[in-house]
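Below is one structure, written out as structure tokens; comments come after it.
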Amino acid sequence: MQASTFQLTGYTETSDHQTNLENARLSNLRTVIRDSIARGITLVLDEERFLQRICEVIAESSGYESVVAYVADPESPQLALGASSTAAPDWLPKRLPISSFQSVEPILSNTEEILGPHDRAMGTRSIVIPLTTVHQLEGVIVILDVNANAISEEDIEAFSIVAEEIAPAVRVASTHQHVRDSVVVDMATGAYTYDFFTIRLEQELSRATRTGRSVTIVLIEASHFDEFEHAAGYERSDQLLKDLSTAFTNLMRTSDVVARRGRTGFALLLPDSDVEGAGVTIQRIEDRLAQVDTALEEQGYDGPLPGIIAGSATFPTDGQTPSELILAADQRMLADTGSGSGAE
């Protein structure tokens, strides 16, 4: 398909009538996208809501219900799950290596090659839409379960237009999120502050009340930490808390919150997640702690090793307010302590 170079004010006329019609269609698409972004500029400044809206709009306009947005993580060579349409599957990986996305144009690919092996991914095809600015990957949009025979060259061209227009807005949203986060971060661990956690919890509960979705929190405490600190020293103990914070964050979506709670604790906020999701998260955290412990032993440390105790609570089952959920999670964490879980 021949297409002329687009200008900010429209498109270049050619001698071919069909090309002019196609250029007019794509030019109109650009105009619609830019108008939508301009009207929702305040939405752009809320990265999660902006990405969520992008997924929903693409799902509505393309006819494919499962749309996912991954965004670049400034702290690692990975893409983090930013948002997804309501019909997207729950097995989506939280993180993807940036190295998996080499193309700068939308491509049709096998789903398992993009998102990794999974029973529901095998034999399906997906469209990957890279979001780039000046050759820098800001993220990707993945449209799942597409009918490969129904995707035309014109569709790919339209997806390219969508990517070109929304990529700068995604960069603005991510930058604003990073700047905003920098003032609510615990400098010692890199996690959010507990005050920020409580504010976000109130916001998520307010939204969940309107939408009928669930919200889960997980409270975590490092057990036997005093013994570890006495044997390993303050410097190694501080590094352990920082390593745990980084490990927790790498397991989360961009919409999740990892906050420091007290001296040796953490609080996790998991929007749109239930008790099953909390269980999976806790298991992953325990597995990651085992890796940290192994690394300490490989460094020659042979003293007592810390464990973790955890408790979760889900809205609306376990409570309706932040205080009710925190109390319920605390009680379950105490029960975990009493059962001996987390002991070495």
Side-chain angles (χ1 to χ4, degrees), residues 73-78 80 94-95 181-198 200-201 216-253 256-270 275 277-313 325-344:
D73 182 350
E75 304 298 329
S76 69
Q78 294 179 313
K94 301 294 190 298
R95 301 262 166 170
D181 291 349
S182 66
V183 300
V184 291
V185 169
D186 173 65
M187 299 305 294
T189 62
Y192 288 111
T193 63
Y194 189 64
D195 285 342
F196 179 73
F197 168 84
T198 58
R200 288 286 285 110
L201 177 56
T216 295
I217 65 169
V218 179
L219 302 183
I220 300 169
E221 190 70 31
S223 61
H224 310 301
F225 191 81
D226 288 340
E227 295 94 323
F228 171 74
E229 186 174 61
H230 179 75
Y234 291 109
E235 183 175 349
R236 182 170 276 174
S237 300
D238 290 343
Q239 184 61 46
L240 173 67
L241 292 175
K242 186 174 183 179
D243 290 345
L244 288 178
S245 173
T246 300
F248 297 165
T249 300
N250 287 339
L251 294 173
M252 302 293 109
R253 305 164 296 178
D256 299 334
V257 173
V258 178
R260 187 177 187 182
R261 186 180 187 233
R263 175 170 166 264
T264 61
F266 293 90
L268 313 183
L269 172 60
L270 314 175
V275 63
V280 171
T281 298
I282 292 172
Q283 182 59 56
R284 288 175 176 172
I285 287 172
E286 290 176 343
D287 293 343
R288 190 59 62 92
L289 178 63
Q291 295 175 11
V292 173
D293 288 348
T294 299
L296 285 169
E297 292 174 335
E298 291 175 349
Q299 295 169 11
Y301 174 75
D302 59 359
L305 292 169
I308 64 165
I309 54 175
S312 67
L325 289 176
I326 292 170
L327 177 60
D330 264 330
Q331 289 174 337
R332 286 177 180 158
M333 188 166 60
L334 289 174
D336 192 21
T337 305
S339 67
S341 177
E344 302 301 318

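Predicted model, so just to flag it, every value in this text is computed and none were measured.
At distances below 3.5 Å, at least one donor-acceptor pair connects side-chain atoms of Thr246 with backbone N or O atoms of Lys242. Thr216 places no side-chain N or O within 3.5 Å of a backbone atom of Ala278 that could act as its donor or acceptor partner.
Here the closest non-hydrogen pair linking Ala231 and Pro304 is CB-CD, 3.7 Å. The heavy-atom pair separating Lys94 from Leu251 by the smallest distance is CG-O, 3.4 Å. Taking every heavy atom of both residues into account, Ile220 and Val218 meet most closely at CG1-CG1, 3.9 Å. Ser245 approaches Gly190 most closely through the heavy-atom pair OG-C, 3.9 Å. Across all non-hydrogen atoms, the minimal contact from Phe225 to Leu240 is CE1-CD2, 3.9 Å. Of all heavy-atom pairs between Arg288 and Ala247, the closest is CG-CB, 3.2 Å.
Interatomic distance, Arg332 CZ to Leu327 CG, rounded to the nearest 0.5 Å: 10.5 Å. Going from atom CG of Leu289 over to atom CG of Leu305 covers 8.5 Å, rounded to the nearest 0.5 Å. Separating the CE atom in Met333 from the CD1 atom in Ile308 is a distance of 11.0 Å, to the nearest 0.5 Å. Considering CG of Leu270 and CZ of Arg253, their distance stands at 6.5 Å, rounded to 0.5 Å.
Residues Asp226 and His230 fail the side-chain proximity criterion, which asks for heavy atoms closer than 4.5 Å. Counting heavy atoms from C-beta on, the side chains of Arg261 and Ile326 come closer than 4.5 Å. Phe228 has its side chain out of reach of Thr264: every pair of non-hydrogen atoms, C-beta onward, lies at least 4.5 Å apart.
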For this session: Could you please spell out the steps behind the salt bridge (charged side-chain N to carboxylate O under 4.0 Å, His left out) verdict for Arg95 and Asp73?
Result: CA-CA 9 Å; Arg95 301 262 166 170; Asp73 182 350; 2.4 Å; yes
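In summary, of the residues considered (Ile217, Ile285, Leu219), a side-chain contact (heavy atoms from CB on, under 4.5 Å) with Leu268 occurs for Ile285 alone.
Using a 4.0 Å cut-off between charged side-chain N and carboxylate O, Arg284 and Asp287 make no salt bridge.
Atom CD of Gln299 is surrounded by more than 12 heavy atoms from other residues, nucleotides or ligands within 6.0 Å.
Note: Phe197 and Tyr194 have parallel aromatic rings, judged against thresholds of 30 and 60 degrees for the angle between ring planes.
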